[in-house]
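Take a look at the structure set out below.
Throughout, numbering of the chain's residues begins at 1 and tracks the sequence. Treat the numbers as computed from the prediction; the structure is a model and nothing was measured.
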Amino acid sequence: MIYLAQGGYLLLILLIPLMFTAYWLMRRLRKRRIARFGDPELVARLTPEVPRRKGWMKLALLSIALLFLAIGMARPQLGAILKEKEIKGAEIMVVLDVSNSMLAEDYSPNRLERAKLAISKLVDELQGDRIGLIIFAGESFVQLPITSDYVSAKIFLNSITTESVPVQGTALGEAIRTAIRGFTSESEHSRAIILITDGENHEDDPVAAARDAVDMGTRVFCIGVGSPEGKPIPMDGDLLKDKDGNIVVTRLDEQTLRDIASAGEGLYVRAGNTEFGLNPVIDEIRTLQDKEFQSVVFEEFDEQYMYFFAIALVFLLLEFFMSDTRNRRSLFGRSGKTLAVLAAVMVLSPAVLSAQSDRSEVRAGNRDFKKGMYREAEIDYKRALIADSASVTAKYNLGNALYKAESYNEAELYFRNLGDTLKNLSPSKASDYFHNSGNLALKQKKYQEAVEAFKESLRLEPDNFETKSNLAYAQKMLKDQQQNQQSQNQQQQQQDQNQDQDQNQNNDQQHDQNQDQNQNNDQNQDQQNQDQQQQPQAQPQISPQAAQQMLQAIEDKEKQTQDKVKKAKALKEKSKEKEKNW
């Protein structure tokens, strides 16, 4: 399939008939001027000119050159189709640490950028595998759902910073569990998690999470980023300090990562400056059983403009070297000037076209969107983001196209954080953005977010009736959701109360039994005392039941003491966790 990225340049072809018309008029006017001087035959002998046939031939060569030049500037491309096909491979979820400790400069320029470069190279080498991306610090988020669209994977990868997750810290266990939930149901036994981090865990138990991953048919591989001796963390032109004013030094915790990889039946590799460590991990993943997936694949275009430019240059040279009888003049000035101008156009046009390509792709996407061809529009907008990853228009339009294609989770990724920028560009567009964001939140049953989005839209355009209607609907759904949640909470509380009552009744019964047992023990003790008084030479003895009770009491007391110690230690650790922001 041939696709024209800049089809408007084909209008240059309309110059060709104009050139022939102009040349014909020029020759007619020339004959009239010659007739004023005298006999045309005599003037023709005294002033030899370009033969009639050769002139038309030179014009034809120049016209053919212009034709191929126009086609080249229209940028014909091959490929770039969205099609469904069977692919074989595994599902790989890359879990990337974006906490502040990843800013340490063990690598050039820092740990995070070095990891992003390695992941980008990994994406280039994938064939048939699906890939997803989780980012985490104190919390974890799905940056990119499992997909075969490697172009989107690289776009999302480039946008990652340490500010992508608002809560700092390092919760390895939660990140692994988020990755487990991100796999599709069809990929059982063909799953792998690649955890890229410095291993400084501040929050939870990642080893237990790795065991859970194995139970779900997933292997966990770890790549350690950093150095055991540690590095300080650059932050706002200074070095990050803790609450006591000491410079924080972040170190690679290899033992934790080895334990995670062992529990996850995977492999641990320490990242190097030249070999990051992904290659041995991928080799190990290749041993997994490949799974056939039915996938929609985006295939990139191959540029073809250079071939048409080359053909145009050949015809220009032919026209240039076709001599005339007077100082090698061409039809419209000197051929040398014409050739120089057109050659300059051919040299400069790729740069110009590249600079304008994102706008062209957005316009093409808009046309497909209006026709209801949402998947085709998705391709155009993603190509625009390849040319300019910061294009707000491309992100917004792509989010709308994905919404129409019912890819709500992916649409949310592109819709993020565009409101403030659109407000500065156009309040009307910002109002549309918040209106569409509200509709997207409704589809995802995030009613609170939908209400806030519709309210923001109405602040910008208070008279929008459709937005008011959607807001009323979102408020009703939110109220129903809250009532359902409240009802569920009440039911849960009632269940808890019933359990507490049952427990209290059991405790009362146990207490009565203990009292009866104590009375029996007291009677036995009185009898023993009487026996001892009658036989003073006998040694005091304790009944087996009393000894058992005394032993149980000692164990209960010891357990209570240990529970208090553990609770105090847990509170101390929790307080320590909150202090860590790296």
Side-chain angles (χ1 to χ4, degrees), residues 90-102 111-112 115 119 122 130-146 160 162 164-185 187-226 250-271 277-278 281-282 284-285 288 409 566 569-570 573-574 576-578 580-582:
E91 286 192 353
I92 303 171
M93 190 68 80
V94 178
V95 182
L96 178 60
D97 187 351
V98 295
S99 60
N100 286 332
S101 61
M102 293 293 284
R111 297 177 182 177
L112 180 59
I119 297 172
L122 165 65
R130 288 179 173 183
I131 189 170
L133 184 60
I134 304 289
I135 56 174
F136 75 96
E139 297 177 347
S140 56
F141 297 98
V142 178
Q143 180 75 357
L144 178 69
I146 286 288
I160 293 174
T162 55
S164 299
V165 177
V167 180
Q168 280 298 316
T170 310
L172 297 178
E174 180 185 346
I176 294 173
R177 290 188 171 90
T178 302
I180 295 173
R181 293 191 294 269
F183 290 107
T184 64
S185 58
S187 65
E188 189 176 358
H189 306 304
S190 301
R191 303 172 176 175
I193 296 174
I194 302 179
L195 180 63
I196 303 177
T197 178
D198 51 29
E200 284 192 327
N201 184 60
H202 299 163
E203 311 291 338
D204 47 19
D205 186 0
V207 176
R211 294 194 188 99
D212 294 340
V214 172
D215 293 339
M216 299 294 290
T218 305
R219 297 177 65 184
V220 182
F221 300 85
C222 298
I223 296 181
V225 186
T250 172
R251 297 177 175 84
L252 172 63
D253 186 355
E254 290 192 286
Q255 186 57 50
T256 297
L257 295 180
R258 286 194 179 95
D259 293 342
I260 295 172
S262 176
E265 298 183 2
L267 180 70
Y268 168 70
V269 179
R270 179 179 171 185
L278 282 172
V281 170
I282 293 300
E284 188 69 20
I285 291 176
L288 297 175
N409 291 334
K566 289 180 179 179
K569 185 176 180 181
E573 289 295 325
K574 192 66 177 177
K576 185 177 179 182
E577 288 172 6
K578 293 179 180 179
K580 293 181 179 293
N581 64 341
W582 63 90

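A distance of 4.5 Å separates CD1 of I92 from CD1 of I285, quoted to the nearest 0.5 Å. Note that the CD1 atom of I223 and the CD1 atom of I196 stand 5.0 Å from one another [nearest 0.5 Å]. With values rounded to the nearest 0.5 angstrom, L267 atom CG is found 11.0 Å from R258 atom CZ. For the atom pair L122 CG and I194 CD1, the distance stands at 5.5 Å (nearest 0.5 Å). Separation of atoms OG1 (T170) and CE (M102) is listed at 9.5 Å; rounding is to 0.5 Å. Here L278 contributes atom CG and F221 contributes atom CZ; the two are 11.5 Å apart, rounded to the nearest 0.5 Å.
Closest approach of F183 and A192 over heavy atoms only: CZ-O, 3.5 Å. Taking each heavy atom of Y268 and G224 in turn, the nearest pair found is CE1-N, 3.6 Å. Residues S101 and T250 share a closest heavy-atom pair of CB-OG1, 3.4 Å. Between F136 and A171 the shortest heavy-atom distance is CD1-O, 3.8 Å. Taking both residues in full, the closest heavy atoms of R177 and D205 are given as NH1-O, 4.3 Å, listed atom of the first, atom of the second, then distance. Residues L133 and M93 approach most closely at N-SD, 3.7 Å, considering heavy atoms.
The residues E265 and R219 are annotated as not salt-bridged, no charged nitrogen and carboxylate oxygen being separated by less than 4.0 angstrom.
Counting only heavy atoms from C-beta outward, the side chains of D97 and V225 never approach each other to under 4.5 Å. The shortest side-chain heavy-atom distance between V220 and V214 does not fall under the 4.5 Å cut-off. Taking the side chain as every heavy atom from C-beta outward, I134 and I193 never approach each other to under 4.5 Å.
The residue from D212, I260, T218, V95 that alone fulfils the side chain to side chain contact (heavy atoms under 4.5 Å, CB included) condition with I176 is I260.
Judged by distance alone, with hydrogens and angles left aside, the side-chain atoms of Q168 form a donor-acceptor pair with the main-chain N or O of N100 at under 3.5 Å.
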